[in-house]
Student: 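Provided herewith is a single structure, encoded as structure tokens, for subsequent inquiry.
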Number of protein chains: 2
Amino acid sequence: MKNIRPEIISLLKEGCCAPRLSELAVKTGSKSNTIHYNIKRLEADGTIKAYKAVFDYRKVGEGFCTFVLVNLDRGEYKSPEEIGRKLAEYPEIESVDIVTGGWELLLKVRTENIDEFYEFSKKVLSMTGIERTQSLSSLRQIKTEFVRL
Amino acid sequence: MKNIRPEIISLLKEGCCAPRLSELAVKTGSKSNTIHYNIKRLEADGTIKAYKAVFDYRKVGEGFCTFVLVNLDRGEYKSPEEIGRKLAEYPEIESVDIVTGGWELLLKVRTENIDEFYEFSKKVLSMTGIERTQSLSSLRQIKTEFVRL
DNA sequence: TCATATGTTTGAATTAAATTCAATAATTTA
DNA sequence: TAAATTATTGAATTTAATTCAAACATATGA
């Protein structure tokens, strides 16, 4: 009998959830089919991108969170956006932003521990186009994804 | 007739969602009551903190995203965690982390535009305990909350 | 101002999904 | 290896989501 929880967690990280129309109906004082109608519109016009779960990441093997500031090669032919999209493919990366200031990209990376992060950074952050990085590791998450921990 | 969408969006930002057991059942090849059982356990032991929606934040009046690096007063009696918890109360703040390196806190802040961010920073970042900040504004979000945009 | 078009809410009926629970099966513990 | 614990399943029940036509509201344009 295989343990299905890791698979459930993985699916819930990016989707496999839905709005609770009945709860929204009570809280807004509307009927649930009114909520249904409005949510379908928000989904159709791209306002809502996904429904997902937020975890205590220490309990799902992603307790080590690091913010990585990235400088890109000036001579490189790829744009920051192209490199960012490539990085966004990695499941360890929670967010990718092109930012102002002394750095081009800001990544938020989640791994099990510092060793796994080292492996990740060897693999990923050495990819062409990346010149230099600076990592800020999280010692304590107080709020994430608008959810207080 | 009042527009209920802002209220729906606000509720979906932190909760009012649920896992789709039937979808998870199909994708994992289990029965939906097995999924139900396992998810209840993940909720009970605190692994799952919340279910929420992810938005195209430009469409919900939060198009301006800024990472704020924070230095705290060394002479201040409050701990970084206390100050972080205070900051976490603001709805504009998506995440708060205590980090390693030359800064104590790293905030992710979402506002409508740069003017609103200025108002926010005057109000919040001048609170006691905060010595100095450096802001990195996001020019383009490529991935957020594990969801590619 | 009035008629028309567009967008939103609702009630009622239908369909689908979540939940419960007792029985069974698998795994762990002693 | 027996007993205890934990996980899965089928079947019945309960709850929620979805559909759709009708009513209502708001915006648009003569």
Side-chain angles (χ1 to χ4, degrees), chain A residues 1-63 91 112-113 145-147 149, chain B residues 1-63 91 112-113 145-148:
Chain A
M1 196 163 47
K2 71 163 183 186
N3 180 10
I4 60 170
R5 274 179 218 172
E7 201 178 348
I8 291 174
I9 288 165
S10 169
L11 289 163
L12 290 177
K13 204 197 282 183
E14 297 174 45
C16 276
C17 294
R20 291 171 57 87
L21 307 187
S22 54
E23 187 181 350
L24 288 163
V26 170
K27 288 186 175 167
T28 62
S30 319
K31 301 292 169 184
S32 75
N33 49 358
T34 300
I35 302 294
H36 181 263
Y37 171 83
N38 279 281
I39 284 192
K40 285 299 157 202
R41 309 224 60 196
L42 290 169
E43 290 170 353
D45 72 11
T47 302
I48 295 173
K49 306 295 286 183
Y51 303 98
K52 57 159 289 178
V54 176
F55 301 97
D56 181 334
Y57 289 96
R58 286 168 300 188
K59 295 192 176 174
V60 297
E62 300 183 11
E112 168 102 51
N113 51 43
E145 296 160 83
F146 290 110
V147 176
L149 303 173
Chain B
M1 198 161 50
K2 70 162 186 192
N3 180 10
I4 60 170
R5 273 178 219 171
E7 200 178 348
I8 291 174
I9 289 165
S10 170
L11 288 163
L12 290 176
K13 203 195 287 184
E14 296 174 45
C16 276
C17 293
R20 289 168 58 87
L21 307 187
S22 55
E23 188 180 350
L24 289 163
V26 170
K27 289 186 174 166
T28 62
S30 320
K31 302 292 171 185
S32 74
N33 49 358
T34 301
I35 302 294
H36 181 262
Y37 171 84
N38 280 282
I39 285 192
K40 286 299 158 203
R41 309 224 60 196
L42 291 169
E43 291 171 354
D45 72 11
T47 302
I48 295 173
K49 305 296 286 183
Y51 304 98
K52 56 159 289 177
V54 176
F55 302 97
D56 181 335
Y57 290 95
R58 288 168 298 187
K59 297 191 176 176
V60 297
E62 300 184 10
E112 168 102 53
N113 52 43
E145 295 160 82
F146 290 109
V147 176
R148 270 177 275 180

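Each chain gets a letter, A, B and so on, in the order the sequences are listed, and its residues count up from 1.
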Student: Of A/Lys2 and B/Lys2, whose nearest nucleotide on DNA chain D comes first from the 5' end?
Tutor: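 Residue closer to the 5' terminus by nearest nucleotide: A/Lys2.
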Student: Quick check: does any side chain N or O of B/Lys59 sit under 3.5 Å from a backbone N or O of A/Asp45, one acting as donor and the other as acceptor?
Tutor: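 Looks like yes, one N/O pair under 3.5 Å.
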Student: Run A/Leu12 and A/Phe55 through side chain to side chain contact (heavy atoms under 4.5 Å, CB included) and show every step you take.
Tutor: CA-CA 9 Å; A/Leu12 290 177; A/Phe55 301 97; 3.8 Å; yes
Student: Measure the distance from CD1 on A/Ile4 to P on C/dA26 and round it to the nearest whole Å.
Tutor: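 The answer, rounded to whole Å, is 15 Å.
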Student: If the threshold is 4.0 Å, N to carboxylate O, is there a salt bridge linking B/Lys52 and B/Glu145?
Tutor: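 A salt bridge links B/Lys52 with B/Glu145.
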Student: Nearest whole angstrom, please: distance from the C1' of C/dG11 to the OH of A/Tyr37.
Tutor: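 Rounded to the whole Å, the gap is 17 Å.
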Student: Distance check: side-chain N/O of A/Asn38 vs OP1/OP2 of C/dT9, anything under 4.0 Å?
Tutor: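 The answer is yes; a side-chain N or O of A/Asn38 sits under 4.0 Å from OP1 or OP2.
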Student: Please find the pair of heavy atoms, one from A/Ile8 and one from B/Leu24, that lie closest to each other, and give the distance.
Tutor: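 What the structure gives for the nearest pair is O-CD2, 4.4 Å.
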Student: Identify the two heavy atoms, one from B/Cys17 and one from B/Ala53, that lie closest to each other, and give their separation to 0.1 Å.
Tutor: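 The pair with the smallest heavy-atom distance is SG-N, 4.0 Å.
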Student: From the 5' end of DNA chain D to its 3' end, which nucleotides mark the outer limits of contact with chain A, defined by a 4.0 Å heavy-atom distance cut-off (strictly under)?
Tutor: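 The footprint of chain A covers D/dA7 to D/dT19.
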Student: Which side-chain N or O atoms in residues 31-38 of chain B pair as donor and acceptor under 3.5 Å with protein atoms at least two apart or in another chain?
Tutor:
| unit_1 | atom_1 | unit_2 | atom_2 | d |
| --- | --- | --- | --- | --- |
| B/Asn38 | OD1 | A/Arg5 | NE | 2.8 |
| B/Asn38 | OD1 | A/Arg5 | NH2 | 3.3 |
| B/Asn38 | ND2 | B/Thr34 | O | 2.9 |

Student: Between B/Met1 and B/Lys40, which residue's closest nucleotide on DNA chain C lies nearer the 5′ terminus?
Tutor: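 Between the two, 5'-proximity favours B/Met1.
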Student: Before you tell me yes or no, could you show the steps for A/Leu149 and A/Asp56 under side chain to side chain contact (heavy atoms under 4.5 Å, CB included), namely the whole-Å CA-CA distance, both residues' side-chain angles and the distance that decides it to 0.1 Å?
Tutor: CA-CA 8 Å; A/Leu149 303 173; A/Asp56 181 334; 5.9 Å; no
Student: Heavy atoms within less than 4.0 Å of DNA chain D: which residues of residues 8-36 of chain B have one? Give them sorted by number.
Tutor: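 By residue number: B/Lys31, B/Asn33, B/Thr34.
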Student: How long is the gap from OG on A/Ser10 to CZ on B/Phe146, to the nearest 0.5 Å?
Tutor: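 If we round to the nearest 0.5 Å, A/Ser10:OG and B/Phe146:CZ are 10.0 Å apart.
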